Amino acid sequence: MSRTILVFDVDGTLTPARQGISPEMTAFLAETRRKLPLAVVGGSDLRKITEQLAKDHEHLLSLFDYVFSENGLVGYKGTEIYPSQTIQSVLGEQRLQEVINYALRYFSELTLPVKRGNFIEFRKGMLNLSPIGRSCSQSERDGFVAFDNEHKIREKFAAKLREKFSDYGLSFAIGGEISVDVFPTGWDKTYCLKYFESDFDTIHFFGDRTQPGGNDHEIFADPRTVGHTVKGPADTIRQVSEVLESLKLSQ
Ligand SMILES: [Mg+2]
């Protein structure tokens with residue numbers, strides 16, 4: 001038996017962005033897991049990932065062999081939790097506030113179709129900076145996506161952050177649909193690999209934002225993984241099926 005594991009992004013890979021998993025995908029994963037171990041690595045916090053993928057926390061942990069939220073800053077093997085680090089412990093309060101203050105100033109000078117609340121979400125391993133604010137509705141979010149595609153709001157913001165804080169040891173990634181993620185360099189999705197890389201010969205990763213600047217790029221391009229770019233949940237099922245077929249596990 002070859003030691004192979006399948007690792008999945010959440011948004012745009014197992015589920016439509018920000019939405020719940022379909023019964024079809026849940027059944028497909030359960031079937032696949034009879035053949036290979038599965039891991040999930042999301043950028044969101046555990047509460048959000050649980051909401052998207054499962055009925056509750058215990059249920060989520062029962063669906064995968066490994067569950068990683070916040071890129072692996074919070075991680076579980078089965079029901080066992082790994083110790084975690086925080087962004088404030090490595091960056092320090094002063095630098096942290098400089099980044100926060102810069103972002104708030106920058107946002108204050110933007111005019112968008114709408115602005116809502118929760119512009120800065122503080123997570124264990126990252127700051128999630130959203131020009132529209134994370135408390136926007138789904139339709140407001142959709143409006144921002146179209147506006148951002150046209151005006152490159154996040155791209156310009158991320159470029160400014162990179163320029164301004166070039167010596168802070170931080171990475172700035174365009175994450176999801178409405179935000180820019182800020183985290184210590186190396187605390188991207190590759191962070192989770194250290195927990196299981198030595199247990200497997202082949203690590204397949206499936207994600208939708210695999211282009212440079214996307215939040216799946218580093219793990220996708222990492223020499224420790226075989227990267228797959230997916231267009232959405234249906235494409236994930238198709239590509240996983242191909243992998244199973246190539247391993248002669250399709251029955
Ligand atoms: Mg994604």
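If you're wondering where the values come from, they're calculated on a predicted model, not measured in any experiment. Just follow the structure's listing: the first ligand is 1, and inside any ligand the first atom is 1. Numbers for residues simply follow the sequence, beginning at 1.
By the rule that hydrophobic residues join a cluster once side-chain heavy atoms approach within less than 4.5 Å of another member, W187 and V67 end up as members of separate clusters.
Nearest N/O/S atom of D11 with respect to the Mg ion (ligand 1) is recorded as O.
When rounded to 10 degrees, the angle formed at the Mg ion (ligand 1) by OD2 (D9) and OD1 (D208) equals 80°.
Aromatic ring orientation, F68 versus Y195: parallel (interplanar angle below 30°, classes split at 30° and 60°). Ring geometry for F119 against F107 counts as tilted: the plane angle lies between 30° and 60°, on a 0 to 90° scale.
Listed for the H217 side chain is a donor-acceptor partner under 3.5 Å among the backbone atoms of T210.
Among the backbone and side-chain atoms of D216, no N/O/S atom is found under 2.8 Å from the Mg ion (ligand 1).
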